[in-house]
Amino acid sequence: MTVLLTAAPADAITGGYVALGDSYSSGVGSGSEGGSCLQSSTAYPGLWNAAHHPSSYRMVACSGAKTTDVNANQLSVLSSSTGLVSITIGGNDVGFSDIMTTCVLYSEADCIAAVNRAEAYANANLANLLNVTYNGIRSHAPNAQVVVLSYPVFYQLGVWYCVGLSENSRKKIDEGINLVDNITKNTAVAHSFTFADVRSVFVGHQLCSGDKWLHSLNYSDLTESYHPTATGQSNGYLPVFSAVVR
């Protein structure tokens, strides 16, 4: 199925654009990453900026960032003149990286147990952590449209052959990502932020698919593992983001 998404016109926002968040916004895995935060111009914020030319653009998303890092290190670039804010955050708070390490190195039972622990933590804490960050965004940028983007679900299930983790492990990881995304969605909507969900666009382009937009495990560059490729940013994140910007 082909989904047509219409980009917003270049003058759709008033004021500058600031990209906050973690590695899915900084562009890890999309190529040409630089600096301590591994920021890339081929991540969706840089691509949107190049196409729409807002009055100003700041990329402060940082690989490894948690909500507390956004609060401490990123919010200060926002102001009343900020017209657009984007963010992906929450995955590091619940330990995405540690979960994937456990699932790759240890047993299926260990993998499922790690996801269960993360789900329990997310259910108990993630909404509160996001509330603090979202309140901070709004107080620093009172006039901005705030777009909260989801994470893609990693695995295409039901594939007859897929090297690596068991089907049960892949299913459990997908379940955990969906939980994080759904908590994020509910919290963002409660703050009257725009939620941009990339999950459906990545269907058919997940790991174990024939046309993946995500990096699988890469022992030579562990940082990029399970992050969007350049195509995942340009064909996945960018059109979903562009379609909701007012």
Just by distance, no angles: are the side chains of [X] and [Y] close enough, under 3.5 Å, to form a donor-acceptor pair?
X: Ser23; Y: His227; result: yes
X: Tyr151; Y: Asp22; result: yes
X: Thr88; Y: Ser25; result: yes
X: Thr68; Y: Asn71; result: no

(request) Classify the angle between the aromatic ring planes of Trp48 and His52 as parallel (below 30°), tilted (30 to 60°) or perpendicular (above 60°). (result)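 Taking His52 first and then Trp48, their aromatic rings lie parallel (interplane angle under 30°).
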
(message) Can you tell me how the ring of Tyr237 sits relative to the ring of Tyr44, calling it parallel under 30°, perpendicular over 60° and tilted otherwise?
(response)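 Taking Tyr44 first and then Tyr237, their aromatic rings lie parallel (interplane angle under 30°).
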
(request) Please assess Tyr155 against Val153 for the test side chain to side chain contact (heavy atoms under 4.5 Å, CB included), listing each intermediate value before the final yes or no. (result) CA-CA 6 Å; Tyr155 292 100; Val153 175; 5.9 Å; no

(request) Would you sort out whether Phe195 and Tyr134 count as a ring pair (Phe, Tyr, Trp, His ring centres under 6.0 Å), showing the intermediate values? (result) CA-CA 12 Å; Phe195 184 72; Tyr134 293 169; 9.7 Å; no

(request) Please report the C-alpha distance between Met100 and Cys111 in whole Å, then the side-chain angles of each, then the deciding distance to 0.1 Å, and finally whether the side chain to side chain contact (heavy atoms under 4.5 Å, CB included) criterion is met. (result) CA-CA 8 Å; Met100 296 312 299; Cys111 178; over 6 Å; no

Do the non-hydrogen side-chain atoms of [X] and [Y] ever get within less than 4.5 Å of each other?
X: Pro45; Y: Met59; value: yes
X: Leu214; Y: Phe154; value: yes
X: Ser150; Y: Lys185; value: no
X: Thr82; Y: Asn143; value: no
X: Asn235; Y: Trp213; value: yes
X: Leu78; Y: Ile137; value: yes
X: Tyr24; Y: Leu149; value: no
X: Gln233; Y: Leu238; value: no

(message) Quick one, Ser169 with Glu108, criterion side chain to side chain donor-acceptor pair (under 3.5 Å). Give me CA distance, side-chain angles, the key distance, then yes/no.
(response) CA-CA 6 Å; Ser169 292; Glu108 177 184 289; 4.6 Å; no

Is there a donor-acceptor contact under 3.5 Å from the side chain of [X] to the main chain of [Y]?
X: Gln145; Y: Arg246; result: yes
X: His191; Y: Val189; result: no
X: Ser40; Y: Gly31; result: yes
X: Asn49; Y: Tyr57; result: no
X: Gln206; Y: Lys212; result: no
X: Asp110; Y: Tyr106; result: no
X: Ser55; Y: Gly15; result: yes
X: His215; Y: Gly29; result: yes
X: Ser26; Y: Leu38; result: yes
X: Arg138; Y: Ala144; result: yes

Quick check for you: to the nearest 0.5 Å, what is the distance between [X] atom [atom1] and [Y] atom [atom2]?
X: Asn218; Y: Ser225; atom1: CG; atom2: OG; answer: 5.5 Å
X: Leu126; Y: Thr184; atom1: CG; atom2: OG1; answer: 5.0 Å
X: Asn128; Y: Thr133; atom1: CG; atom2: OG1; answer: 11.0 Å
X: Ser209; Y: Leu157; atom1: OG; atom2: CG; answer: 11.5 Å
X: Ile87; Y: Leu20; atom1: CD1; atom2: CG; answer: 5.0 Å
X: Glu33; Y: Thr42; atom1: CD; atom2: OG1; answer: 6.5 Å

Looking at every non-hydrogen atom in both residues, tell me the closest pair between [X] and [Y] and how far apart they are.
X: Gly232; Y: Phe202; result: O-CZ, 3.5 Å
X: Gly176; Y: Val115; result: CA-CG1, 4.2 Å
X: Pro142; Y: Ser139; result: CD-O, 4.0 Å
X: Ile99; Y: Ala118; result: CD1-CB, 3.4 Å
X: His205; Y: Val201; result: CD2-O, 3.6 Å
X: Gly27; Y: Ala43; result: CA-CB, 3.4 Å

[X], [Y]: one ILVMFWY side-chain cluster at the under-4.5 Å cut-off?
X: Val94; Y: Ile112; answer: no
X: Val28; Y: Leu47; answer: no
X: Ile177; Y: Tyr121; answer: yes
X: Ile89; Y: Tyr226; answer: yes
X: Val70; Y: Val132; answer: no

(message) Using a strict threshold of under 4.0 Å (side-chain N to carboxylate O), is an ion pair present between Lys172 and Glu119?
(response)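 Looking at Lys172 together with Glu119, the answer is yes, because their closest N to O distance falls below 4.0 Å.
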
(message) Any carboxylate oxygen within less than 4.0 angstrom of a Lys/Arg side-chain nitrogen, looking at Asp181 and Arg199?
(response)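 Judged by the 4.0 Å cut-off on N to carboxylate O distance, Asp181 and Arg199 do form a salt bridge.
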
(request) Show your working on side chain to side chain contact (heavy atoms under 4.5 Å, CB included) between Asp211 and Thr231 and close with a plain yes or no. (result) CA-CA 10 Å; Asp211 182 23; Thr231 304; over 6 Å; no

(message) Looking at Arg58, I want to see if its CZ is surrounded by more than 12 non-hydrogen atoms of other residues, nucleotides or ligands under 6.0 Å.
(response)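 Check fails, neighbour count at 12 or below.
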
(message) Run Ile173 and Leu165 through side chain to side chain contact (heavy atoms under 4.5 Å, CB included) and show every step you take.
(response) CA-CA 10 Å; Ile173 291 167; Leu165 304 181; 3.6 Å; yes

